[in-house]
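Below, each value reflects all heavy atoms present in this structure, side chains not excepted, and no hydrogens, waters or symmetry copies.
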Amino acid sequence: MPRDKIREAQIPFLFKQVITWLFGLVVVEKGFIEYPYRLFFKKANKSSFTFEYFVYPALCTLFNLYYPERRNALIKVLYYFFHTSIITFLEIIAVKYTKLIRYKKWTWYWSFITLWITYYISRVYYRWFFRNRFSNTLTSSSN
């Protein structure tokens with residue numbers, strides 16, 4: 001993470017933790033996904049603390065910091081697709097070859113859809129939080 005982007009990185013990281021806390025707990029408590037092996041907080045929380053509170057927010061931070069803001073709509077959609085697909089693919093591998101995740105009433109496409117939606121919500125919040133920067137950027141690029 002570049003030092004000049006640390007402040008910008010904290011916002012999507014913390015916001016994504018809030019989103020994953022809400023959605024992650026609902027999905028686990030409703031019995032859609034199970035995490036049989038958890039390293040942290042085994043008795044306090046049934047979700048994957050490592051993924052939900054560190055890995056996924058960190059990936060979302062990179063997603064927001066390097067988002068292709070000035071590119072066309074196709075590139076932006078492909079950017080969403082690329083980030084969402086990588087996480088979904090790694091989750092499929094984890095489900096198939098490890099005991100870290102067990103789908104009960106869940107499938108890979110629900111993961112893909114929820115990842116896409118949470119990335120979108122995070123992006124909207126990021127743009128709202130730094131709205132002055134984006135309004136200045138859009139104004140200066142149109143001149």
Less than 4.5 Å apart, any side-chain heavy atom of [X] and any of [Y]?
X: F51; Y: T20; result: no
X: L65; Y: E8; result: yes
X: N72; Y: I75; result: yes
X: Q17; Y: W21; result: no
X: L22; Y: V26; result: no
X: I19; Y: Y56; result: no

Do [X] and [Y] sit in the same hydrophobic cluster, where Ile, Leu, Val, Met, Phe, Trp and Tyr count as joined when their side-chain heavy atoms come under 4.5 Å apart?
X: V124; Y: W116; value: yes
X: L78; Y: I86; value: no
X: V95; Y: L90; value: no
X: F15; Y: F129; value: yes
X: L115; Y: I93; value: no

Return yes when atom [atom1] of [X] has more than 12 non-hydrogen atoms of other residues, nucleotides or ligands closer than 6.0 Å, and no otherwise.
X: K30; atom1: NZ; value: no
X: F23; atom1: CZ; value: no
X: W110; atom1: CH2; value: no

Looking only at atom types and distance, does a side-chain atom of [X] sit under 3.5 Å from a main-chain N or O of [Y], one as donor and one as acceptor?
X: Y67; Y: Y79; value: no
X: R123; Y: Y120; value: no
X: S122; Y: T118; value: no

Can you measure from [atom1] ([X]) to [atom2] ([Y]) and round to the nearest 0.5 angstrom?
X: I101; Y: E91; atom1: CD1; atom2: CD; answer: 4.5 Å
X: F63; Y: F82; atom1: CZ; atom2: CZ; answer: 11.5 Å
X: I117; Y: Y80; atom1: CD1; atom2: OH; answer: 11.5 Å
X: L14; Y: Y125; atom1: CG; atom2: OH; answer: 9.0 Å
X: I6; Y: T61; atom1: CD1; atom2: OG1; answer: 12.0 Å
X: I11; Y: Y126; atom1: CD1; atom2: OH; answer: 9.0 Å

Exercise for the section: Evaluate side chain to side chain contact (heavy atoms under 4.5 Å, CB included) for R7 paired with F130, printing each intermediate quantity in order. Expected result: CA-CA 11 Å; R7 179 176 174 262; F130 293 108; 3.4 Å; yes
Practice task
Looking only at non-hydrogen atoms, find the nearest pair between C60 and K16 and report the distance.
Solution key: SG-CE, 3.2 Å
Problem - Heavy-atom pair with the smallest gap, counting every atom of K76 and R71 - result: CE-O, 3.2 Å
Problem - Whether F112 and W108 hold their rings parallel, tilted or perpendicular, with breakpoints at 30° and 60° - result: perpendicular
